[in-house]
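The structure appears below as structure tokens.
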Protein chains: 2
Amino acid sequence: MTTRTDAPTRREQILKEAARLFAERGFHGVGVDEIGAAVGISGPGLYRHFPGKDAMLAELLVGISERLLAGGQLRVSEDAACQDGSPHALLDALIEGHIDFALDDRPLITLHDRELDRLRDADRKRVRQLQRQYVEVWVEVVRELYPDLPEHEARAAVHAVFGLLNSTPHLGRPDAQPDRADTAALLHRLARGAFEAAARP
Amino acid sequence: MTTRTDAPTRREQILKEAARLFAERGFHGVGVDEIGAAVGISGPGLYRHFPGKDAMLAELLVGISERLLAGGQLRVSEDAACQDGSPHALLDALIEGHIDFALDDRPLITLHDRELDRLRDADRKRVRQLQRQYVEVWVEVVRELYPDLPEHEARAAVHAVFGLLNSTPHLGRPDAQPDRADTAALLHRLARGAFEAAARP
DNA sequence: CGCCGAAGTTAACGTTCGCTAACCCGACTG
DNA sequence: CAGTCGGGTTAGCGAACGTTAACTTCGGCG
């Protein structure tokens, strides 16, 4: 785990605020003036950092998808390298990683499946391909763990569990939440239980 | 079950097409001219049926929420009236009903948690209250079935299972789907498995 | 010191959007 | 047969939006 200590660049500030605003009110529901105001500059000043509003959304969505996929692939390779690597532990690691992401980057999770269609064709294809690969990582692990589960059911179950894990934005404001660890543990149990039930006849 | 045989009114046509378009491209991403074109009339003709674009979204969201809640309450009362009513069977009935809704009205499911913030204050409060009541119906049944599950965990689990069941829009185009009954059965198993796992330590 | 480029500003343009106004037409109905 | 009214049309208004242009400010550097 690498931790940043230096201050965020202006670009990063803008991306963070844009993500929050897009998640709250939708891509078309937010004006560039609002995004600018959120970082203390005004409207057109954003164009010193991004070629346009679309580019902000594109960078956000591509970034999310890349990070999710990279995280998943990393855990798979770690499991393969470990001598006692088991599909059971690996699925737990995937679930844990996805939960971390869902709890830490709620606005991005929201955008991820909500504003995809607002992208230019090239970017949308890119994001969709990354998402597909990420799903495939999960499907392979699930099928190794539950060999009797047909592939299309495994894929549907993975999508459904993503919906389950990504439900965190609906869980009330993050400050009023009981405890992050408790929430994570509950979500983990729910996801595991769902997969187990999928494999049962 | 009451089935309609008469032709849909123009109002209903408009609502159906508006739901589809809002779900595809977002509330702000669809113009009134497009909605009109989708039902064969042009733009401002819509104002003979609705006072404004907002009103269409409001009627859609309030309608969904009311139907979901009414369906849930109906199943609870049916279970109470039945002599062999059990919380086990009741939870299954709730799950089944929600799955029917998710599979039959995909665009509405999408709108339901995506465009809520685009409503006028009064309508948004109304929808939120209905949603809260619907969640509460589920929470009560879940807690009766799993008395050891703390209330806040039951509520979080219900939200998460909603996310799971509402994942159907991500399951590829409906025509390419294997079989509706199979999908429903799988989703049902996943939801049951999640609740069971929530109750396990 | 003089210059330059990064990072802002305000003004303004062209487009799009929701909505209203004014008009039209055809089906009932007294 | 005239009147009315539901349901549609087109034209156009005012506001908001994304973007560009022109100008300013300022820190770093030869």
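Quick note on labels: first sequence line is chain A, next is B, and so on, each numbered from 1. Computed from heavy atoms alone, side chains included, the values below leave out hydrogens, waters and symmetry copies.
- In this structure, B/His28 reaches neither bases nor backbone, as no heavy-atom distance under 4.0 Å exists between it and the strands shown.
- Comparing atom distances between the B/Pro44 side chain and each of D/dT19, C/dA21, C/dG18 picks out C/dA21 as nearest.
- Toward the 5′ end of DNA chain D lies the nearest nucleotide of A/Gly29, the other residue of the pair A/Gly29 and A/Arg48 mapping further downstream.
- Distance B/Asp33 CG to D/dG12 P: 16 Å, rounded to the nearest Å.
- Here B/Val39 lies out of heavy-atom contact (under 4.0 Å) with every strand.
- Between the side chains of B/Asn166 and B/His98, at least one donor N or O sits under 3.5 Å from an acceptor N or O.
- Taking every heavy atom of both residues into account, A/Gly52 and A/Tyr47 meet most closely at CA-CE2, 3.7 Å.
- Set against D/dG8, C/dC19, D/dT19, the side chain of B/Lys53 has C/dC19 as its closest nucleotide.
- D/dG18 atom C1' lies 15 Å from atom CG of A/Leu57, rounded to whole Å.
- Look at NE2 on A/His49: it is 15 Å from P on D/dT19, rounded to the nearest Å.
- When each of D/dG8, C/dT9, D/dT20 is scored by its nearest atom to the side-chain atoms of B/Ile41, the top-ranked nucleotide is D/dG8.
- Of the side-chain N and O atoms in B/Arg10, one or more sit less than 4.0 angstrom from OP1 or OP2 of D/dG8.
- As judged by a 4.0 angstrom heavy-atom cut-off over every strand, A/Gly45 is placed among the base-contacting residues.
- Distance A/Phe50 CZ to C/dA7 C1': 14 Å, rounded to the nearest Å.
- With DNA chain C read from its 5' end, the first of the two nearest nucleotides for B/Phe27 and A/Leu46 is the one closest to A/Leu46.
- Closest approach to the A/Asp54 side chain among D/dT9, D/dT19, C/dT9 is made by D/dT19 (side chain taken as heavy atoms from C-beta onward).
- Judged by a 6.0 Å distance limit and a 45° cone about the ring axis, A/Arg67 is not positioned over the six-membered ring of A/Phe101.
- Panel note: side chain B/Arg75, backbone B/Gly71; a donor-acceptor pair is recorded below 3.5 Å.
- Atom CZ of A/Arg11 and atom P of C/dA7 are 11 Å apart (whole Å).
- Under a cutoff of 6.0 Å and an axis angle of 45°, B/Lys53 and B/Phe27 form a cation-pi pair.
- Using a 4.0 Å heavy-atom criterion, one finds that A/Gly52 contacts the sugar-phosphate atoms exclusively.
- Distance, A/Tyr47 OH to C/dT10 P: 16 Å, rounded to whole Å.
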